[in-house]
Amino acid sequence: MLFSLLIAPAAAEAALPPSNPGTPPMSDSPWSLLPAASANAEALDTLYIFFWILCGIAFVGMIGVQAYFMWKYKKPAHGHAKTSPLTHNGKLEFIWSAIPTFFFVILFAWGEIEYMKQATPPADAMDVRVTGQKWSWTIEYPEVKGCSLTNDLYVPVGKPMRLTMTSVDVIHSFYLPAFRLKKDVVPGRYTVLWFEATKPGLYPLMCTEYCGDEHSSMVGRVHVVAAEEYDAVLAKACELKQGDAESAEDFGARVVTRGGCASCHTTDGTVKTGPSFKGLFGKSETLADGTTITVDENYIRESILEPNAKIVSGFSPQMPSFAGRFDDKQIAALIAYIKAQK
Amino acid sequence: MSTAVQSQDPHPAVEPSYLVSKRGLMSWLVTVDHKRLGLMYLASVMFFFLIAGILAIALRTELFTPDQDFMSAQTYNQVFTLHGAIMVFLFIIPSVPAALGNFFLPLMLGAKDVAFPRLNLLSFYVYSVAAVFLIVAILTSGLDTGWTFYTPYSTSTGTAVITATAGVFIAGFSSILTGLNFVVTVHKMRAPGMNWNRMPLFVWAIYSTAVIQVLATPVLAITLLLLIIERSLGIGIFDPAMGGDPVLFQHFFWFYSHPAVYIMILPGFGIISEIITVHSRKHIFGYKAIALSSVAIAVISFVVWGHHLFVSGQSELAGVLFSFLTFAVGVPTAIKVFSWVATLYGGSIQYNTACWYGMAFLWTFTVGGLTGLPLSTLAIDVHLHDTYFVVAHFHYVMVGGTVVAFIGGLHHWWPKMTGRMFNETAGKWGCLLVFIGFNVTFMTQFFLGHQGMPRRYYAYLPEYQVMHQVSTIGSYILAVGLLWTLIYLMHSLWKGEKAPSNPWGAVTLEWQTQSPPIEHNFHETPHIHGSPYDFPEIDKSAGALHH
């Protein structure tokens, strides 16, 4: 664990194997799991520290007085001491009502000011579309034609970005801990989130609204890169073509990553929401209606484009269709990849 | 001792206690005695506390490592849902009001029973039917929506949502009927001389709670009914696929469920007021402030529900207003805590088990209250919302507040309810284990949440592992403490010393009759002449410090 905390973000990114999205390291500091990677995060941390100091003083003060009274007014060994006839004290009660009220107003106002900044995206912000679904994030860049990523958000340093988000099924929540930001992603409407990253690195993106079986697997990555590298990095990330020297199987592995397939399908035989890819190809399966099918090229292709057409008994219709997301070459590579998982 | 005209044990054991005045199973099943019903509720809520507690230990054990261990994702989701739903609807909401409230409200008022004893019996059976529904839901296809039933997930999932929500709907009626009964009882059944300023603070707390129960629970009933209609008839209300609005459900749900948080904690406040005064031999500090702050909390609690929706996409203006109103609840809450600490001043504090729980409550509830502040602060809540910080905060309020107060009250009133004394040394060990286990479990979760650990994950990033493991070990200590408490309390029923009528020297009326009380509570109607906190140890000759 410490190792993953200590490695530099860039090295961590390079180390991510393409077929296994893995989890990004939370921080490059061993002292805090949580870097502050946006202007908003730094402002928030100041407010958070103010809260801790305030509450620390209040807590220690109150428990200190309690502990002192508990020690000072302990019952004597035999019988009871005479006790104070005190029943109330208007002045004291006014003071201890007024002081918390005063600090509550400060906390409220400070929180309100920062919240309103979070609520108003600047006019020159770059647009990104986010779609939540069970159980992955689809991230689309309008500027790059046909670019649709899964669970990977690329962000340049120093440029405001506005995410327009919606969901195709249930409510999800888009959470970027390193930016201290979160917004629910609701079906049937758009919600908006904006930020300006300040620190290059790789940060986690998580779903924080319970959305079913693989809620815990709706974890993605935010890649914050230098502004001058951004266009090249994004273009490379968006490209999904088989390389000249790349085998169909290796290309298929990249397609699996792009599709976010690992949320539900493992390669080690563990059955999650969908069947494991391990030993899947060529298997005979029984459908819910009792008919038997063999998992071949046609069945896999159909399951990608029309996932709910033939559900194997024991599974539920949860998979979204990838029609229009993957072309024939990509699907062929994906089948080659599944074939190789023996 | 100006409160009651009766001296202790005026007719010692001439009449059998409520436990033995009638015999046989039927005498319990159709009883209209508030004390027997209180005990029946107590046994039921303890049973569900045990079940939901075992589920919690299973969850914590699964979270010992980052990967999936012994529960599948589906199992984990069902287990956390059942833990929440059973704890909230079958344990915490009825715990103090229906169990201890039923038993002690009429006794503290000097009444023979509640205003409507038969309605009280009905409430118990309505609650039992609700429990059966929830158990059926568990045994058929489970429930995986979380205890909040958020749409459209709850509209679309294949689990037993209709059975479970029907159970919660029915449990709501039990809550409404009990609340109604208590409101009328407090208004009409007070003993002669007990004006509103002479009511024990536990009665004030139960009264405020009952008002919320009567006013808020119907909204939950309507909401769940709409959800059942949507699921069974396909009429779009909350599901956007059918033209509904999923956020509307959240507004409806929290309009009940936020006041419900105060249904859970206000009775605990009442218990603490009783424990601290009796065991420090002091008049409560700021009687009116504590009584009226209960009422203020009850009123304000109705207009803070939107703080559950700060990141839901509700308008910024709504967010700002709800944030402000949420801070407003903090003021009467702070007043209560300060008043309890001030009550200790100049006292003669006897450290028995009930008092230990009272002292533990001041610690745990203060942490719970203070950590509500960052969650009320809009910008900070955006980061902490739906993380373990929230989990830790509400467990500090619900367990550190309500459950600690409930166990404290159980020890305080155990001699009165059962007629037996428990072993004080065993009690203090239990309290220590509960206190340490609880703090280790949930203090850790504040840090987990601030580091970004989301709620309701069965598998998590490996960076969080150490804190999760500390929390899990804490939960085992807490479980041992609670089981230990159960064991010595049960043991006292057989082997405990016989309890005197007033072992702590309290002044409130429940202690002015024998232990356990007779069926009709008092031999003659008590007359009240003064404050419920006028202890004989109070030094009347000392210069009055007030004013």
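To find a chain, count down the sequence lines: A is the first, B the second, and so on, and within it residues start at 1. Everything numeric here is computed off the predicted structure, so don't read it as measured data. The figures that follow rest on heavy atoms only: side chains count, while hydrogens, waters and symmetry mates do not.
Heavy-atom distances place the backbone of T151(B), and not its side chain, under 4.5 Å from chain A. For K134(A), the part lying near chain B is the side chain, with the backbone staying farther off; criterion is any non-hydrogen pair under 4.5 Å. At a 4.5 Å heavy-atom cutoff, the contact between L92(A) and chain B is made by side-chain atoms alone. Interface remark: K91(A) contributes no atoms to any contact with chain B (heavy atom separation under 4.5 Å). With a 4.5 Å cut-off on non-hydrogen atoms, Y76(B) does not touch chain A at all. Both the backbone and the side chain of L107(A) have a heavy atom closer than 4.5 Å to some heavy atom of chain B. For chain A, no part of D239(B) is nearby; none of its heavy atoms comes within less than 4.5 Å. Only the side chain of E93(A) has a heavy atom closer than 4.5 Å to any heavy atom of chain B. With a threshold of 4.5 angstrom between heavy atoms, F59(A) approaches chain B through its backbone and through its side chain. Of the atoms belonging to L47(A), heavy atoms from both backbone and side chain fall under 4.5 Å from chain B. Heavy-atom distances place the backbone of I284(B), and not its side chain, under 4.5 Å from chain A. Residue T343(B) does not touch chain A at all, counting heavy-atom pairs closer than 4.5 Å. For chain A, the nearby part of F80(B) is the side chain; its heavy atoms alone come within less than 4.5 Å. For a residue to count as touching a neighbouring chain, one of its non-hydrogen atoms must lie under 4.5 Å from one of that chain's; by this rule D169(A) touches chain B with the backbone only. For M116(A), the part lying near chain B is the side chain, with the backbone staying farther off; criterion is any non-hydrogen pair under 4.5 Å. Heavy atoms closer than 4.5 Å to chain A are found in the backbone of S280(B), but not in its side chain. Of the atoms belonging to S312(B), heavy atoms from both backbone and side chain fall under 4.5 Å from chain A. With a threshold of 4.5 angstrom between heavy atoms, P100(A) approaches chain B through side-chain atoms but not through N, CA, C or O. For E112(A), the parts sitting under 4.5 Å from any heavy atom of chain B are the backbone and the side chain alike.
The shortest side-chain heavy-atom distance between K75(A) and R281(B) does not fall under the 4.5 Å cut-off. For the pair S84(A)/K282(B), a side-chain contact is recorded, criterion being any heavy-atom separation below 4.5 Å from C-beta on. Looking only at side-chain heavy atoms (C-beta outward), T387(B) and K182(A) come within less than 4.5 Å of each other. For the pair E214(A) and Y458(B), the minimum side-chain heavy-atom distance is below 4.5 Å. Counting heavy atoms from C-beta outward, L461(B) and P204(A) have side chains that approach closer than 4.5 Å. Counting heavy atoms from C-beta outward, S173(A) and D386(B) have side chains that stay 4.5 Å or more apart.
Between I171(A) atom CD1 and Q250(B) atom CD the span is 4.5 Å, to the nearest 0.5 Å. Interatomic distance, NE2 of H450(B) versus CG of D45(A), reported as 5.5 Å (0.5 Å rounding). Atom-to-atom distance recorded for L373(B):CG and F108(A):CZ is 13.5 Å, nearest 0.5 angstrom. Here the CD1-CZ distance, from I99(A) to F338(B), works out to 8.0 Å after rounding to the nearest 0.5 Å. Put simply, OG1 on T377(B) and CZ on F104(A) are 9.5 Å apart, with the number rounded to the nearest 0.5 Å. A distance of 11.5 Å separates OG1 of T208(A) from CG of L384(B), quoted to the nearest 0.5 Å.
No option in Y73(A), Y68(A), F69(A) other than F69(A) meets the side chain to side chain contact (heavy atoms under 4.5 Å, CB included) test with L344(B). None of F50(A), Y48(A), W110(A), Y115(A) except one satisfies the side chain to side chain contact (heavy atoms under 4.5 Å, CB included) rule with I380(B); the exception is Y48(A).
The shortest non-hydrogen separation linking Y457(B) to C207(A) is OH-O, 2.6 Å. The two residues Y464(B) and M206(A) come nearest to each other via the heavy atoms OH-CE, 3.6 Å. Closest of all the heavy-atom pairs between H215(A) and R455(B) is NE2-O, 3.4 Å. Scanning both residues, L181(A) and V382(B), for their nearest heavy atoms gives CA-CG1, 4.0 Å.
When each of A73(B), S376(B), P246(B), G347(B) is scored by its heavy-atom pairs under 4.5 Å with chain A, the top score falls to G347(B). Ranking S316(A), G111(A), S167(A) against chain B, the residue ahead of the rest is G111(A), based on heavy-atom pairs under 4.5 Å. In terms of non-hydrogen atom pairs under 4.5 Å with chain B, the most contact-rich of K72(A), H80(A), R180(A), K183(A) is H80(A). No other option in G286(B), S72(B), S348(B), P240(B) has as many heavy-atom pairs under 4.5 Å with chain A as S348(B). For the set P374(B), C355(B), G319(B), A459(B), the count of heavy-atom pairs under 4.5 angstrom toward chain A peaks at P374(B). Contact count versus chain B (heavy atoms, under 4.5 Å) is highest, among E114(A), K272(A), K74(A), for K74(A). Your options are V331(B), I335(B), L378(B), and the one with the most heavy-atom pairs under 4.5 Å with chain A is L378(B).
Under the 6.0 Å cut-off for aromatic ring centres, Y210(A) and Y150(B) do not qualify, their centroids lying 6.0 Å or more apart.
Side chain of T191(A) to main chain of G313(B): no donor-acceptor pair is present (N/O by atom type, distance under 3.5 Å, no hydrogens or angles). In this structure a side-chain-to-backbone donor-acceptor pair under 3.5 Å is present from Y175(A) to H383(B).
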* To do: Kindly indicate, with the supporting measurements, whether the criterion side-chain contact (heavy atoms from CB on, under 4.5 Å) is fulfilled by R189(A) and D245(B).
  => CA-CA 9 Å; R189(A) 66 169 68 170; D245(B) 181 351; 2.9 Å; yes
* To do: Determine, stepwise, if the pair Y345(B) / L86(A) fulfils side-chain contact (heavy atoms from CB on, under 4.5 Å).
  => CA-CA 9 Å; Y345(B) 170 81; L86(A) 181 68; 3.8 Å; yes
* To do: Dump the intermediate steps for side-chain contact (heavy atoms from CB on, under 4.5 Å) on M359(B) and M70(A), then the final yes or no.
  => CA-CA 9 Å; M359(B) 297 300 116; M70(A) 283 171 68; 3.5 Å; yes
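Within 6.0 Å of NZ on K82(A) lie more than 12 heavy atoms contributed by other residues, nucleotides or ligands.
A tilted orientation is assigned to the rings of W96(A) and F285(B), their planes being inclined by 30° to 60°.
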